[in-house]
Protein chains: 2
Amino acid sequence: MTTSDVQRSTATGLPRPNARGRALRPTTKVLPEHARGHNRSLVLQTLYRAGSQSRADIARETGLTRVTISDLVAELMLEDLVIEVGQREDARPGKPATMLDLNREAFQIIGVDLSGYSEFRAAILDFDGQIIERAQLPLAGSTGANATAKVVSLVESLVARTTLPILGIGVGSPGVVDLGGTVLSAPNLGWAGEPLQQLLENRFGVPVLVINDANAAALAEHSFGDADSDMMLIKVGHGVGGGLLLDGTPLFGSRFAAGEIGHVVVGTDGGAECACGKRGCLETWLAVPRLEAALAASTSMDERNTILTEAGQRLGIALAPVVGALNLAEVVLSGPTELLDGVLATATIETLRARTMAEFHGDLILRMTTLGEDIVMRGAAVMVLSGQLGVS
Amino acid sequence: MTTSDVQRSTATGLPRPNARGRALRPTTKVLPEHARGHNRSLVLQTLYRAGSQSRADIARETGLTRVTISDLVAELMLEDLVIEVGQREDARPGKPATMLDLNREAFQIIGVDLSGYSEFRAAILDFDGQIIERAQLPLAGSTGANATAKVVSLVESLVARTTLPILGIGVGSPGVVDLGGTVLSAPNLGWAGEPLQQLLENRFGVPVLVINDANAAALAEHSFGDADSDMMLIKVGHGVGGGLLLDGTPLFGSRFAAGEIGHVVVGTDGGAECACGKRGCLETWLAVPRLEAALAASTSMDERNTILTEAGQRLGIALAPVVGALNLAEVVLSGPTELLDGVLATATIETLRARTMAEFHGDLILRMTTLGEDIVMRGAAVMVLSGQLGVS
DNA sequence: GTTTGTTAGTAAAGCTTACGAACAAACTCT
DNA sequence: AGAGTTTGTTCGTAAGCTTTACTAACAAAC
């Protein structure tokens, strides 16, 4: 027996690296029922993405056998999550297939966007993330418990209008949100350690998921927009925030503050004073109130363009190290189109290209979101779909 | 039946978010045998980290039952990966426990470091990442096929000196390395699309894992140093590279070039010309040859400190957006201690603190690696341990 | 109209994996 | 010595997926 024979035979029995070339680091036990849950979600995921399909189609797609798929589908049909929708139309040899689909009429989702400066927004959404009903509530400067009460009241008004059972409530909140849905810090709303998820779950008795607004937006752009599974979304509003999606999963960071780039100092040449006490934070160039103030004071189109170009360049300067370090191929902007799209975005992408290595991201893309103002609510709905069904 | 009753009962059957608060997105089927492999690794992992333990200890630690652990251990003992090492010493009630341990004498690992400017380095390592034997080979300007031949010859010389079967070969290479271990681009070595992993696997008949040198270093710092599971390692040498660890897993990026920050432009005030054609790349301030040249031309200690401070600040400026966006809590430096440690590192951390939001990373740490020059070889060994045993 | 071959879905049996119950062995403590 | 603890094994069972074998239902070709 040669040395290499020993290794070959031993190695065969060992866990191989997965498709991404690395081994899964085991952290907790995995039982057969977990595998089952995974495969269950796999069926839902297949139907969610590809639409109506037969059991045999799903079996081919997933690699599981027809028998197993039949079993899983039976389970999902009992729970009313999957339904049969008749036989396949097009004629082909063999027994006609019974087509299945997600029971898209089974549940509704409530998505909430707390990131607005003057009002809270919420909506009832369907399985496809389409908005069915809307509701708003003027914030009127409420903070602390008053703000919380407004959230509850807004959700209440929508719950009353649902026509189907509620799958869950998703909330996109500004500030720093931990994994348990507690808003650790949201200065504008006067929240510090607000256990929003717990609170809403107790109040409404349905699963609730609270996530940072920019992260929600990034999820929405991935699920409903054209975004890749690795991208950064920059949300420009009253402040500037970011959401990072790596391999389709939001990044949270060591203190749940990943994406918070509004208060990173940009450039080496000073800058305006920021509310945070520093000088030259990204927000001082890019936040909507600052931009609008600067534009209002401008007297010519040239001056206007200079202001927007400067803002775009600053964003590019701030993003360049991030794009380089993460080897990002896609950056998406969300915010007022009339400000961001055009001169500003062009300046940003040009700055980014000039300051990073083209070889590593030849196809670097920067574009506006296609989801408009509903992006956070729809991202919150994605959280629910993903958390409750394993679908996104 | 109330509305909320429906949701509660339905929700129970659905997959719950995992420990990190989000659901796993299913991508491929999971069979019972995969779960088994995971639990196998869990046993190895437990022994690897906590050292000698009894079956019952492992059962308590993992949450699996004694029966299952006995079964898994029996399998691992057959493969000679786990051995019994006698009975527990300390006296306590009950039947004395039979202690188990990884069979640390079962295999050796070969770790290779191709990141040196003048020589390739390699070593035989044991399960604990300790170096048993070393070997070097002067690069002597070799590129392309010649460089590849030197790698093979270096590994050959070490393979001949192994005293146990080889678990695998890990290689830390400069440049951009894809998930299949092909070096897509390594200018210094004249490699473009060099299928190093395939080549070495064919040649030596053992599992081979090739990864970027800075990523390897980051893994080593996590496994053998004190690093957290979220951190960035900056490797300063002939060039400047970085490795990102997020949740204990290296980040690869959209084009496998994550971490490559050497050619990100720093600051808004020009800078020296870089080999890449741009001006003011991080490397122009920080790369060892540039630093040494500048220091050699300096005439006073003050001037020397100014140069090092400037370099440190530039690093801080480049890292600030990354630290902010990823909410990193830890940055580790690897490279010549006499240059990096002290004035330079101090300037970097001060710059970082000044340019990011303290609230989000109150405990931001920047420090030198504790692993010295062996960091890449040891990281390459971690790749093998992780890939072959699921241990790290 | 009949035959041939294909496809969908189901049923039965078997394998793998983990679990719970029960137990013997071996120890400590009183 | 007896009681209580802890370890590790044996035995039987449940869950989950596969293989094999079947029926039903169709298209195409004769």
Side-chain angles (χ1 to χ4, degrees), chain A residues 13 15 26 28-43 46-47 52-78 82-101 390, chain B residues 13 15 26 28-44 46-47 52-79 82-101 390:
Chain A
T28 48
K29 62 177 176 179
V30 172
L31 303 183
E33 68 207 73
H34 297 136
R36 176 81 168 181
H38 185 98
N39 290 336
R40 243 183 71 105
S41 288
L42 188 54
V43 171
T46 307
L47 286 171
S52 186
Q53 278 184 301
S54 73
R55 292 172 177 82
D57 292 335
I58 299 174
R60 274 185 294 266
E61 174 110 5
T62 60
L64 292 162
T65 61
R66 292 201 305 271
V67 179
T68 303
I69 296 298
S70 278
D71 197 42
L72 287 165
V73 165
E75 188 181 306
L76 292 169
M77 285 179 66
L78 270 183
V82 168
I83 49 172
E84 297 188 339
V85 294
Q87 299 208 329
R88 193 192 301 273
E89 296 289 317
D90 54 323
R92 41 178 194 174
K95 176 179 170 180
T98 313
M99 303 306 281
L100 305 168
D101 200 353
Chain B
T28 49
K29 61 177 174 179
V30 172
L31 303 184
E33 67 207 75
H34 298 136
R36 174 83 165 182
H38 185 98
N39 290 336
R40 244 182 71 105
S41 288
L42 188 55
V43 170
L44 291 172
T46 306
L47 286 171
S52 186
Q53 279 183 300
S54 74
R55 291 171 177 82
D57 292 334
I58 299 174
R60 275 185 293 267
E61 173 108 5
T62 59
L64 292 162
T65 61
R66 293 201 307 269
V67 180
T68 302
I69 295 298
S70 279
D71 196 43
L72 286 166
V73 165
E75 185 182 307
L76 293 168
M77 286 179 64
L78 270 182
E79 290 173 32
V82 168
I83 48 173
E84 296 189 338
V85 294
Q87 299 207 328
R88 193 194 299 275
E89 295 289 317
D90 55 324
R92 43 178 191 175
K95 174 177 169 179
T98 312
M99 302 306 281
L100 305 168
D101 201 354

How many whole angstroms separate atom [atom1] of [X] from atom [atom2] of [N]?
{"X": "Glu75(B)", "N": "dT16(C)", "atom1": "CD", "atom2": "P", "result": "11 Å"}
{"X": "Arg55(A)", "N": "dA11(C)", "atom1": "CZ", "atom2": "P", "result": "11 Å"}
{"X": "Arg40(B)", "N": "dT16(C)", "atom1": "CZ", "atom2": "C1'", "result": "15 Å"}
{"X": "Asp71(B)", "N": "dG20(C)", "atom1": "CG", "atom2": "C1'", "result": "15 Å"}
{"X": "His34(B)", "N": "dA18(C)", "atom1": "NE2", "atom2": "P", "result": "13 Å"}

remark   = Outermost contacting nts on DNA chain D, any atom under 4.0 Å from chain A heavy atoms, listed 5' then 3', are dG16(D) to dA27(D)
note = By side chain to side chain contact (heavy atoms under 4.5 Å, CB included), Glu84(A) pairs with (sequence neighbours left out) Arg55(A), Met77(A), Thr98(A), Leu100(A)
task = Report the residues that fulfil side chain to side chain contact (heavy atoms under 4.5 Å, CB included) with Glu61(B), sequence neighbours left out, ordered by chain and then residue number.
result = Thr46(B), Gln53(B)
Asp57(A): partners by salt bridge (Lys or Arg N to Asp or Glu O under 4.0 Å), with sequence neighbours left out = Arg60(A), Arg88(A)
request  = Can you sort out the partners of Asp71(B) under salt bridge (Lys or Arg N to Asp or Glu O under 4.0 Å), two or more places apart, ordered by chain and number?
outcome  = Arg36(B)
inquiry  = Closest-nucleotide mapping onto DNA chain D: is Ala97(B) or Gln87(A) further toward the 5' terminus? I mean the 5' end.
reply    = Ala97(B)
ask   = Do any side-chain nitrogens or oxygens of Asn39(B) fall under 4.0 Å of OP1 or OP2 in dT17(C)?
value = no
Rounded distance (nearest 0.5 Å) linking atom [atom1] of [X] with atom [atom2] of [Y]:
{"X": "His38(B)", "Y": "Leu31(A)", "atom1": "NE2", "atom2": "CG", "value": "10.0 Å"}
{"X": "Leu76(A)", "Y": "Leu47(A)", "atom1": "CG", "atom2": "CG", "value": "8.5 Å"}
{"X": "Leu42(A)", "Y": "Leu64(A)", "atom1": "CG", "atom2": "CG", "value": "6.0 Å"}

inquiry  = For Ala59(B) versus Thr65(B), what's the shortest heavy-atom pair and its separation?
reply    = CB-C, 3.9 Å
ask   = Asp101(B) side chain to Ile83(B) main-chain N or O, any donor-acceptor pair under 3.5 Å?
value = no
ask   = Starting at the 5' end of DNA chain C and moving along, which residue's nearest nucleotide shows up first, Leu31(A) or Arg88(A)?
value = Arg88(A)
ask   = Taking DNA chain C as the partner, which of residues 60-70 of chain B come within under 4.0 angstrom of it by heavy atom?
value = Leu64(B), Thr65(B), Val67(B), Thr68(B)
ask   = Partner of dA28(D) by Watson-Crick or G-U wobble geometry, both contacts under 3.5 Å, or none?
value = dT3(C)
